[in-house]
**Q** 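Submitted below is the structure of interest, expressed as structure tokens.
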Amino acid sequence: MRTIDWVDGAIELIDQTLLPDELVMLRITTVDALIEAIQRLAVRGAPALGVAGAFGVALADGDRKAIARLREARPTAVNLAWGVDQAAAHLEEGRQAVLARAERLRDEDIAACVAMGGRGADLIEGDSLRVMTICNTGALAAVERGTALGVIQTLHERGRLAEVLALETRPLLQGARLTAWELDRMGAPYRLIADSAGPSLLARGGIDAVLIGADRIAANGDTANKVGSYSLALGAERAGVPFFVVAPETTIDLSTPSGEHIEIEDRAEEEIVSVRGVRLAPAGTRALNPAFDVTPHDLITAIVTDRRVFRP
Ligand SMILES: CSC[C@H]1O[C@H](OP(=O)(O)O)[C@H](O)[C@@H]1O
């Protein structure tokens with residue numbers, strides 16, 4: 001099953017807002033419908049956004065204003081703009097050339113995730129591993145396999161995984177809704193934890209590694225990822241637990257020198273004060289909702305990509 005693909009002249013993608021209760025495929029035929037799906041996180045995750053951006057250019061039929069809107073649909077993951085640019089570079093050659101590039105980009109992502117899974121599993125020593133992860137970095141964040149959760153899946157497939165501690169990942173609960181769903185499908189052992197429990201469980205001991213994804217990696221290795229990653233990195237540093245970022249080379253943005261230059265998406269206050277339309281806080285409560293944070297490179301043990309492992 002693919003998270004996103006091009007089928008009979010349109011984009012087909014899983015509507016992730018309905019998981020884990022319903023598995024529904026959306027058929028997207030316009031750029032505006034794709035932008036809406038991206039902004040409400042029906043499709044999400046840096047690699048998946050790159051593929052969506054590239055296929056979106058094929059939908060645009062040369063409408064450069066629509067392509068510009070698509071490119072800006074979400075600011076933090078570099079992959080969206082990169083995917084749009086990769087496909088748009090072929091606009092002069094016509095729609096088939098644009099689509100051919102987008103399909104190659106899809107296939108490259110599939111191969112990259114397989115490569116990252118093996119490279120990451122080779123890097124982490126030991127058996128009966130207990131690992132911690134935040135947000136969702138599985139196939140739902142890519143096309144067929146994921147990044148950090150792809151490493152975890154490979155460890156499981158190799159019989160080396162004892163347990164995953166998955167952060168629920170407020171406010172949109174990518175961990176509780178999506179990572180738990182994917183781990184169930186893999187048959188991998190896991191328990192869900194509150195985000196705020198992450199650092200203290202690391203301090204408690206018995207966790208062998210933290211693995212996270214990335215939305216943008218700056219030239220010096222500073223890494224933007226789901227909000228809560230930074231506090232997890234601080235806890236890992238304090239507890240002496242290795243902290244790995246797993247991301248394709250396409251998430252590295254050499255034009256951004258360091259983390260303070262990465263734009264952090266601030267999302268709607270509503271996402272904090274309510275869950276699926278059920279209000280949690282008093283009426284009128286204001287909220288601040290940064291969707292990402294930046295982990296400084298010196299808190300990262302290593303970055304695993306589809307081509308290499310490097311230590312920032
Ligand atoms: C494998 S990249 C996934 C990356 O994207 C997530 O953010 P969102 O769910 O808002 O798209 C999160 O930062 C993950 O690490």
Side-chain angles (χ1 to χ4, degrees), residues 3-4 13-24 26 28 32-50 52-53 69-81 132-138 140-142 146-149 166-182 192-199 212-216 223-233 259 262-295:
T3 298
I4 181 171
L13 55 83
I14 294 172
D15 184 342
Q16 299 187 34
T17 64
L18 301 177
L19 288 173
D21 306 308
E22 294 178 271
L23 179 57
V24 172
L26 287 181
I28 303 278
D32 284 341
L34 179 59
I35 290 170
E36 192 268 346
I38 289 170
Q39 292 179 332
R40 66 184 181 87
L41 278 71
V43 57
R44 43 142 303 275
L49 291 177
R69 289 200 313 276
L70 172 62
R71 196 178 188 279
E72 305 304 322
R74 289 186 75 193
T76 305
V78 64
N79 304 62
L80 175 57
M132 187 177 285
T133 194
I134 185 172
C135 199
N136 173 257
T137 57
L140 290 172
T147 60
L149 201 60
L167 275 71
E168 61 177 348
T169 316
R170 278 217 12 104
L172 296 181
L173 301 172
Q174 289 92 324
R177 293 186 303 109
L178 306 179
T179 296
W181 184 76
E182 291 196 279
L192 206 52
I193 64 171
D195 299 334
S196 48
I212 73 166
D215 292 82
R216 191 184 297 252
T223 295
N225 195 55
K226 185 51 54 194
V227 65
S229 301
Y230 177 41
S231 49
L232 217 45
I262 298 175
E263 181 181 350
I264 299 300
E265 177 187 5
D266 278 331
R267 291 185 58 84
E269 299 181 37
E270 186 60 25
E271 294 177 356
I272 299 288
V273 299
S274 66
V275 176
R276 289 192 162 174
V278 177
R279 186 160 47 78
L280 304 169
T285 297
R286 299 298 307 276
L288 180 56
N289 181 14
F292 301 97
D293 59 25
V294 173
T295 298

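Please read these numbers as outputs of a predicted model, since none were measured by experiment.
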**Q** Which heavy atom in Ala148 sits nearest to a heavy atom in Thr133, and how many Å separate them?
**A** CB-OG1, 4.5 Å
**Q** Can you check side-chain hydrogen bond (donor to acceptor under 3.5 Å, both in side chains) on Asn289 and Glu271, steps first, answer last?
**A** CA-CA 8 Å; Asn289 181 14; Glu271 294 177 356; 2.9 Å; yes
**Q** Do Arg69 and Asp32 have side chains that approach each other closer than 4.5 Å (heavy atoms only, starting at C-beta)?
**A** yes
**Q** With rounding to the nearest 0.5 angstrom, report the CD to CG distance, Glu182 to Leu149.
**A** 5.5 Å
**Q** Does CZ in Arg276 sit with more than 12 non-hydrogen atoms of other residues, nucleotides or ligands closer than 6.0 Å?
**A** yes
**Q** Hey, is the main chain of Glu270 close enough, under 3.5 Å, to the side chain of Ser274 for a donor-acceptor pair?
**A** yes
**Q** Closest heavy-atom contact between Leu140 and Ala48?
**A** O-CB, 4.2 Å
**Q** Using a 4.5 Å cut-off on heavy atoms from C-beta on, say whether the side chain of Arg74 contacts that of Leu41.
**A** yes
**Q** With sequence neighbours left out, what residues match Thr17 under side chain to side chain donor-acceptor pair (under 3.5 Å)?
**A** Asp15, Arg40
**Q** Please check if the side chain of Thr223 supplies one atom and the backbone of Thr295 the other of a donor-acceptor pair under 3.5 Å.
**A** no
**Q** side-chain contact (heavy atoms from CB on, under 4.5 Å) between Leu280 and Val275: does it pass, once the steps are laid out?
**A** CA-CA 7 Å; Leu280 304 169; Val275 176; 3.5 Å; yes
**Q** Okay, side chain of Asn79, backbone of Gly50: is any donor-acceptor separation there less than 3.5 Å?
**A** no
**Q** I want to check something: taking the side chain as every heavy atom from C-beta on, are Asn225 and Tyr230 in contact at a cut-off of under 4.5 Å?
**A** no
**Q** Do Ile14 and Leu19 touch side chain to side chain, with heavy atoms closer than 4.5 Å?
**A** yes
**Q** Mind checking what makes side-chain contact (heavy atoms from CB on, under 4.5 Å) contact with Ala73, not counting sequence neighbours?
**A** Ile35, Ile38, Gln39, Leu80
**Q** Mind checking side-chain contact (heavy atoms from CB on, under 4.5 Å) for Ser196 and listing every partner two or more places apart, or none if nothing turns up?
**A** Ala194
**Q** Quick one: does Arg216's side chain have a donor or acceptor within less than 3.5 Å of a partner on Thr76's backbone?
**A** yes
**Q** State the CG-CD distance between Leu26 and Gln16, to the nearest 0.5 angstrom.
**A** 10.0 Å
**Q** For a 4.5 angstrom cut-off between non-hydrogen side-chain atoms, does Val227 reach Phe292?
**A** no
**Q** Output all residues satisfying side-chain contact (heavy atoms from CB on, under 4.5 Å) with Ala81, sequence neighbours left out; order by chain, then residue number.
**A** Arg71
**Q** Is a donor on one side and an acceptor on the other found under 3.5 Å between the side chain of Thr147 and the backbone of Gly213?
**A** no
**Q** For Ile28 and Ala37, which heavy atoms make the closest approach, and how far apart are they?
**A** CD1-CB, 4.2 Å
**Q** Side chains of Leu167 and Asp195, heavy atoms from C-beta outward: is any pair under 4.5 Å?
**A** yes
**Q** Test your reading of the model: is there a side-chain donor-acceptor pair from Lys226 to the backbone of Thr169, 3.5 Å cut-off?
**A** no
**Q** Kindly determine whether Leu232 and Met132 satisfy side-chain contact (heavy atoms from CB on, under 4.5 Å), including the steps that lead there.
**A** CA-CA 9 Å; Leu232 217 45; Met132 187 177 285; 3.6 Å; yes
**Q** Do Leu178 and Arg44 come within less than 4.5 Å of each other through their side chains, counting heavy atoms only?
**A** yes
**Q** Strictly by side-chain hydrogen bond (donor to acceptor under 3.5 Å, both in side chains), give each pair with a member in residues 170-180 just once, sequence neighbours left out.
**A** Asn136-Thr179
**Q** Looking only at heavy atoms, what is the nearest atom pair of Ser231 and Gly228, with distance?
**A** OG-O, 3.0 Å
**Q** To the closest 0.5 Å, what do you measure between CG (Leu13) and CG (Leu34)?
**A** 7.0 Å
**Q** Mind checking what makes side-chain contact (heavy atoms from CB on, under 4.5 Å) contact with Glu263, not counting sequence neighbours?
**A** Pro75
